[in-house]
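The structure appears below as structure tokens.
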2 protein chains.
Amino acid sequence: MTAHVHPHLTKNQALVFGSLTEAEGPLTAYAILDHLRDSGFRAPLQVYRALDKLVEYGLVHRLESLNAFVACSHSGCASHKSAAFAICDTCGQVVEFSPDEAIDLLTNWTQDRGFQLSKTTIELRGVCQKCAAAN
Amino acid sequence: MTAHVHPHLTKNQALVFGSLTEAEGPLTAYAILDHLRDSGFRAPLQVYRALDKLVEYGLVHRLESLNAFVACSHSGCASHKSAAFAICDTCGQVVEFSPDEAIDLLTNWTQDRGFQLSKTTIELRGVCQKCAAAN
DNA sequence: AGTAAACGTGTAATAACATTACACGGGTGC
DNA sequence: GCACCCGTGTAATGTTATTACACGTTTACT
Ligand SMILES: [Zn+2]
Ligand SMILES: [Zn+2]
Ligand SMILES: [Zn+2]
Ligand SMILES: [Zn+2]
């Protein structure tokens, strides 16, 4: 359960993580599969298995509203409790940030009600400044 | 674009909304389809079209982390800016609440960066008090 | 009345996302 | 050797969502 700063990555995990870090944006599991066909990937499960581990290690986040995955911006997310994402619906850019105060408020809400929180999903959809300026 | 308090529902919309209000919990589109076979539903699109409108009217919310839909707890969500959901992974119960302070903080973050926010998703996964007490 | 636009509907086909099941191989500890 | 854990390969299947095309009703304008 302890978060490792430098977990050992298997071959498949390293390939999937590489795809995501090169991408500079979110990728779906099937997009990753397509990128890795030349590296020998054949089936979705190879991608999903690697993603499961990478998410567990905190190296990758799943974007629920996109059914996609993105490399963590902080090279290992042990540093912050929980992440939030601002997603541009025009250009696809994703910005990860750590709204600690907001998360504290949400956490307090759960604690007041005896709800045992295991995962927080915060995703903001909209249009980024750059795209908004470009009209 | 104006939110109507009592939008007129078509036959299919009323059937789908009825399924969700009776359910007392989230349903997937295909679960709704199964419930409504006796009422003449035959294809997923009939459900998705109705859900699109119901979400637009604020009568129904989509839970991104569950790929499911739930009736709004406030009989028309015009009252609150944005909703959050606490979802029990054990019993499936969903509690909708309105963390206005947390949402203000997130909204301020976006405004500071010129991000034009259109939709906020906040979903908390965990175990509810009742299920935690039952061990 | 004619007719065009907007909207809801019905159906089939397909696309996109995710999991289950089974088999195999390499290590580690006994 | 042998059991155990873990990662892997592959096929099949399950689940969620969309595209495409056709039809009918209502409204509004001419
Ligand atoms: Zn992160
Ligand atoms: Zn953008
Ligand atoms: Zn609501
Ligand atoms: Zn529960």
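Convention: sequence-line order gives letters A, B, ...; per-chain numbering from 1.
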Review point. Sequence neighbours excluded, which residues qualify as side-chain contact (heavy atoms from CB on, under 4.5 Å) partners of A/Gln111?
Key: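 For A/Gln111, the residues satisfying side-chain contact (heavy atoms from CB on, under 4.5 Å) (neighbours in sequence not counted) are A/Thr107, A/Asn108.
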Point to revise | Distance flag, aromatic centroids of B/Phe85 and B/His61, threshold under 6.0 Å | key: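 Yes; B/Phe85 has its ring centre under 6.0 Å from that of B/His61.
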Side-chain donor-acceptor pairs under 3.5 Å in residues 20-27 of chain B, sequence neighbours left out?
{"from": "B/Thr21", "atom 1": "OG1", "to": "B/Phe17", "atom 2": "O", "distance (Å)": "3.1"}
{"from": "B/Thr21", "atom 1": "OG1", "to": "B/Gly18", "atom 2": "O", "distance (Å)": "3.0"}

Point to revise | Atom pair CD1/CZ of B/Ile32 and B/Phe41 - distance to nearest 0.5 Å | key: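 B/Ile32 CD1 to B/Phe41 CZ: 9.0 Å, rounded to 0.5 Å.
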**Study point:** Rounded distance (nearest 0.5 Å) linking atom CD1 of B/Ile103 with atom OG of B/Ser98
**Key:**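 Output value for this atom pair is 6.5 Å.
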Return the polar atom pairs (N/O with N/O) between nucleotides 22-28 of chain D and the protein under 3.5 Å, or none.
none

Exercise for review: Check the side chains of A/Thr121 and B/Arg125 for a donor-acceptor pair under 3.5 angstrom, ignoring hydrogens and angles.
Suggested key: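 On atom types as modelled, these side chains do not qualify, holding no pair under 3.5 Å.
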Show me the donor-acceptor pairs, under 3.5 Å and distance only, between side chains in residues 46-55 of chain A and residues at least two apart or in other chains.
{"from": "A/Gln46", "atom 1": "OE1", "to": "A/Arg42", "atom 2": "N", "distance (Å)": "2.6"}
{"from": "A/Gln46", "atom 1": "OE1", "to": "A/Ala43", "atom 2": "N", "distance (Å)": "2.9"}

Check your understanding: Nucleotide range of DNA chain C contacted by chain B, 5' to 3', under 4.0 Å to a heavy atom?
Key ->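 Contacts span C/dG8 to C/dT11, reading 5' to 3'.
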Point to revise | Toward the 5' end of DNA chain C, by each residue's nearest nucleotide, B/Arg42 or B/Gln13 | key: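 Going by which nucleotide is closer to the 5' end, it is B/Gln13.
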Review point. Is there a path of hydrophobic side-chain contacts, each under 4.5 Å between heavy atoms of I, L, V, M, F, W or Y residues, that connects B/Leu117 with A/Val95?
Key: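 Yes: a chain of side-chain contacts under 4.5 Å links B/Leu117 to A/Val95.
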Check your understanding: Between A/Thr10 and D/dT8, is there a side-chain N or O to OP1/OP2 distance below 4.0 Å?
Key ->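 True: A/Thr10 side-chain N/O within range (under 4.0 Å) of D/dT8 OP1/OP2.
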Check your understanding: Do you know which two heavy atoms are closest between B/Leu36 and B/Ser19, and how far apart they sit?
Key ->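 Looking at all heavy atoms of both residues, the shortest contact is CD2-OG, 3.4 Å.
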Exercise for review: Provide, to the nearest angstrom, the distance between the CG atom belonging to A/Leu9 and the P atom belonging to D/dT8.
Suggested key: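 After rounding, the gap between these two atoms is 10 Å.
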Find every protein N or O atom lying less than 3.5 Å from an N or O atom of nucleotides 15-18 of chain D, and list the pairs.
{"from": "D/dA17", "atom 1": "OP1", "to": "B/Arg62", "atom 2": "NH1", "distance (Å)": "3.0"}
{"from": "D/dA17", "atom 1": "OP1", "to": "B/Arg62", "atom 2": "NH2", "distance (Å)": "2.4"}
{"from": "D/dA17", "atom 1": "OP2", "to": "B/Tyr48", "atom 2": "OH", "distance (Å)": "2.9"}
{"from": "D/dA17", "atom 1": "O5'", "to": "B/Tyr48", "atom 2": "OH", "distance (Å)": "3.4"}
{"from": "D/dA17", "atom 1": "N7", "to": "B/Tyr30", "atom 2": "OH", "distance (Å)": "2.6"}
{"from": "D/dA17", "atom 1": "N6", "to": "B/Tyr30", "atom 2": "OH", "distance (Å)": "3.1"}

Check your understanding: Does B/Arg62 pair with B/Glu64 as a salt bridge, N-O distance under 4.0 Å?
Key ->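 Between B/Glu64 and B/Arg62 there is a salt bridge, with a charged N closer than 4.0 Å to a carboxylate O.
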